[in-house]
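Below, chain A is the first sequence line, B the second, and so on; all start at residue 1. Hydrogens, waters and symmetry mates are skipped; everything else that's a heavy atom, side chains included, is used.
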Amino acid sequence: MTKPVVIHWFRKGLRLHDNPALLAALQSTKGSHYELRPVFILDPWFTSTGPNRWRFLIQSLKDLDSSLKLLGSRLFVIKGKPAETFKELFKEWNVKKLTFEIDTEPYSKERDLLIKTLAEESSVEVITKVSHTLYDLEKIYNANGKTTPLTYQKFLSVTAKVGSPDDSHPAPEKIPDGCKTSLLSSKYDVPELEDLGLDLKELGSNLFLGGETEALARLEIYMKKQDWVCKFSKPDTSPNSLEPSTTVLSPYLRFGCLSPRLFYHRLQSILRGRKHTDPPTSLLGQLMWREFYYTAGAYIPNFDKMEGNPICKQIPWESKPEHLKAWTEAKTGFPFIDAIMTQLKTEGWIHHLARHAVACFLTRGDLWVSWEHGQKVFEELLLDADWSLNAGNWMWLSASAFFHQYFRVYSPVAFGKKTDKHGDYIKKYLPMLKKYPTEYIYEPWKAPLSVQKAANCIIGKDYPKPIVQHEVISKENMAKMKMAYQKKEEGSDGNKRKKTKQESSPTKITKFMKKK
DNA sequence: CCTCGAGTTGCGAAC
DNA sequence: TGTTCGCAACTCGAG
């Protein structure tokens, strides 16, 4: 019989620092000569993922593997469904213990429950720890009377009651001799991108290298700018600067290359005793937004859908494949929108306010296409696409939940001008418009033909005409939003009647969420 | 039950 | 160059 094995299962949390489940695996090896085997499963479920995001993941895994090797271990990468994979591993490896980080997404919850059952059947002890979020989300949920806080301010007041997030744990310094990895087979190596069957021609420039090493280096760069940290205010950062105006730590938080608790406490130590901005707009506030949406996503049913989602306004979006296609392929004819969508596709990251602009444009602002379609495109293309945040922000921008002032519509022409008067951002991502004079760069269709010719770009031929008339369509859409908002007071028979207690949404949500 | 204040980040005209 | 207001009146949560 081989030596008993303790598996640490990496899913998110692709790091050694602040990884309490990994530490628990190491702890349990003390004196008993367990062998530690860190595992990552390439789950076929993880498919709605573009090449840039795959590259980020593979780089993160390689970094993790290198770091583990320095400790005398390694990463075991296995392709397959988690349940089938573990069935085999439990048999083959003499597994006695399994540790992993708690994941609150619906798919993950279901997956982990199944694995726990399997482990129990195979007499494998399971240890789980919270480390992907600042808080144990259940504590927040309970502290709020077993409901989810639906406004940010309410959320902040609840977290204040719960207390400060736990401290970040240091990375393990060494693995005891008896626990190092004996199995060196290359069949478990981190695969190359080429092996994943992706279209590598679709890969864009590699601006953000995946992995914990890069995450920590990036964190340090920004934490050194203490003055900048203290003054950070999200709405004042630029959606269309040529270099990111924010930290771009989001992909590292998404994959767990960076611990939110480490980030949180680093920020706190800088802010202490200094004058600084506050949530919601401060950097700390951004971490709290992440937490806010994670909490909502963990407890609200059908959080990524309109139907069956108790907080989501029911809006009669229309199926418009040609409009969705134009938006996705950066061919709306609005340079600001198309430049953002090009940056998204090629680089995998766009500024938060740029997300606002294109999300509003796709949904309530201009195209009247369901936010669920936009959500899918972001899920594929954003390096930081995070299930709860993605759904929550799409509902926010489409005025389906959290945000309700639907008459505030971003202009696809005016909004970008505030921070990029000359359209340098547009010229960077849409080189066909490079020679347009500043006057027309946000509205090239208004340029006289002579100007279009001189710029070597005819509108309707070399760059599309605008697919909608913003001034007209946005007003029409506002009226449609108004109707959809009024509709909730109507019964299923269509007759208007007074809101009843059963129908008023807070009661409905409370009932729904209190069930379990 | 009702009322009221607050809510991360709009636009564009008017002054 | 900056502030205010109209748009038309939203939802949530506290009292």
Side-chain angles (χ1 to χ4, degrees), chain A residues 144-145 147-158 161 231-241 245-246 276-293 296 300 309-315 334 336-337 350-361 363-366 389 392-393 395-419 421 442-443 469-489 498-510 513:
Chain A
N144 194 46
T147 60
T148 310
L150 291 177
T151 65
Y152 185 75
Q153 293 304 329
K154 177 77 179 158
F155 180 82
L156 286 184
S157 72
V158 177
K161 257 197 290 184
K231 286 181 179 153
F232 186 93
S233 179
K234 191 64 165 276
D236 298 338
T237 57
S238 166
N240 49 4
S241 49
S245 60
T246 50
H276 59 80
T277 52
D278 286 301
T281 59
S282 65
L283 268 177
L284 214 50
Q286 306 312 303
L287 266 179
M288 297 308 279
W289 277 107
R290 174 178 183 271
E291 206 74 4
F292 172 71
Y293 285 127
I300 294 167
N309 179 342
I311 67 161
C312 186
K313 201 114 289 186
Q314 303 298 300
I315 296 165
F334 289 91
F336 181 57
I337 300 296
I350 52 178
H351 186 275
H352 188 63
L353 290 176
R355 301 178 197 201
H356 279 215
V358 297
C360 182
F361 186 87
T363 57
R364 67 189 168 89
D366 296 83
L389 281 65
N393 277 311
M395 281 189 271
W396 183 292
L397 262 303
S398 61
S400 299
F402 307 115
F403 172 84
H404 310 281
Q405 282 160 288
Y406 53 78
F407 41 87
R408 292 187 185 172
V409 174
Y410 289 88
S411 160
V413 173
F415 187 65
K417 287 185 185 171
K418 281 194 283 192
T419 41
K421 242 205 235 151
Y442 282 88
E443 301 168 283
Q469 245 186 296
H470 174 73
E471 302 74 24
V472 178
I473 203 90
S474 60
K475 294 281 176 305
E476 286 175 23
N477 289 349
M478 249 180 249
K480 284 200 248 180
M481 286 302 289
K482 190 181 168 184
M483 297 250 291
Y485 267 64
Q486 284 169 348
K487 197 127 193 173
K488 73 161 191 199
E489 299 194 11
K498 257 278 191 231
K499 206 161 43 168
T500 67
K501 199 170 186 179
Q502 272 69 30
E503 268 179 325
S504 72
S505 50
T507 314
K508 206 162 80 186
I509 293 159
T510 308
M513 296 196 299

**Message:** Quick check for you: among C:dG13, B:dG12, B:dT9, whose closest atom lies nearest to any side-chain atom of A:Leu150?
**Reply:** C:dG13

**Request:** Please tell me which of the listed nucleotides, C:dG13, C:dC10, B:dT9, lies nearest to the side chain of A:Tyr485?
**Result:** C:dC10

**Prompt:** Run the ring-ring contact (aromatic ring centres under 6.0 Å, His included) check on A:Phe334 and A:Phe415 step by step: do they pass?
**Reply:** CA-CA 12 Å; A:Phe334 289 91; A:Phe415 187 65; over 10 Å; no

**Prompt:** For DNA chain B, what is the dot-bracket line, given that a base pair needs Watson-Crick (N1 to N3, plus N6-O4 or O6-N4) or G-U wobble (N1-O2 and O6-N3) geometry with both distances under 3.5 Å, and | means paired with another strand?
**Reply:** .||||||..||||||

May I have the distance from [X] (atom [atom1]) to [N] (atom [atom2]), rounded to whole angstrom?
{"X": "A:Met478", "N": "B:dG10", "atom1": "CE", "atom2": "P", "answer": "13 Å"}
{"X": "A:Ile473", "N": "B:dC11", "atom1": "CD1", "atom2": "P", "answer": "18 Å"}
{"X": "A:Lys421", "N": "C:dT1", "atom1": "NZ", "atom2": "C1'", "answer": "11 Å"}
{"X": "A:His356", "N": "B:dG10", "atom1": "NE2", "atom2": "P", "answer": "9 Å"}
{"X": "A:Leu156", "N": "C:dG13", "atom1": "CG", "atom2": "P", "answer": "13 Å"}
{"X": "A:Phe402", "N": "C:dG13", "atom1": "CZ", "atom2": "C1'", "answer": "15 Å"}
{"X": "A:Phe292", "N": "B:dG7", "atom1": "CZ", "atom2": "P", "answer": "13 Å"}

**Prompt:** At under 4.0 Å between heavy atoms, what does A:Lys418 touch on the DNA or RNA strands: base, sugar-phosphate, or nothing?
**Reply:** sugar-phosphate

**Asked** Contact class for A:Ser411 vs. all strands (heavy atom < 4.0 Å): base, sugar-phosphate, or nothing?
**Response** sugar-phosphate

**Request:** Please measure how far the C1' atom in B:dG7 lies from the corresponding atom in C:dA9, and state the result in whole Å.
**Result:** 14 Å

Between protein and nucleic acid, restricted to nucleotides 3-6 of chain B and to nitrogen or oxygen atoms under 3.5 Å apart, what atom pairs and distances do you find?
none

**Message:** Tell me whether the side-chain N/O atoms of A:Lys313 come closer than 4.0 Å to OP1 or OP2 in C:dC10.
**Reply:** no

**Heavy-atom donor-acceptor pair, A:His351 side-chain to B:dT9 base, under 3.5 Å** = no

**Prompt:** Is there a donor in the side chain of A:Thr147 and an acceptor in the side chain of A:Asn144, or the other way round, less than 3.5 Å apart?
**Reply:** yes

**Request:** Using a 4.0 Å cut-off on protein heavy atoms (strictly under), produce a 5'-to-3' string for nucleotides 3-9 of chain C with B for base contact, S for backbone-only sugar-phosphate contact, and - for none.
**Result:** -----BS

**Asked** On the ring face of A:Tyr485, is A:Lys313 found with NZ or CZ under 6.0 Å from the centre and within 45° of the axis?
**Response** yes

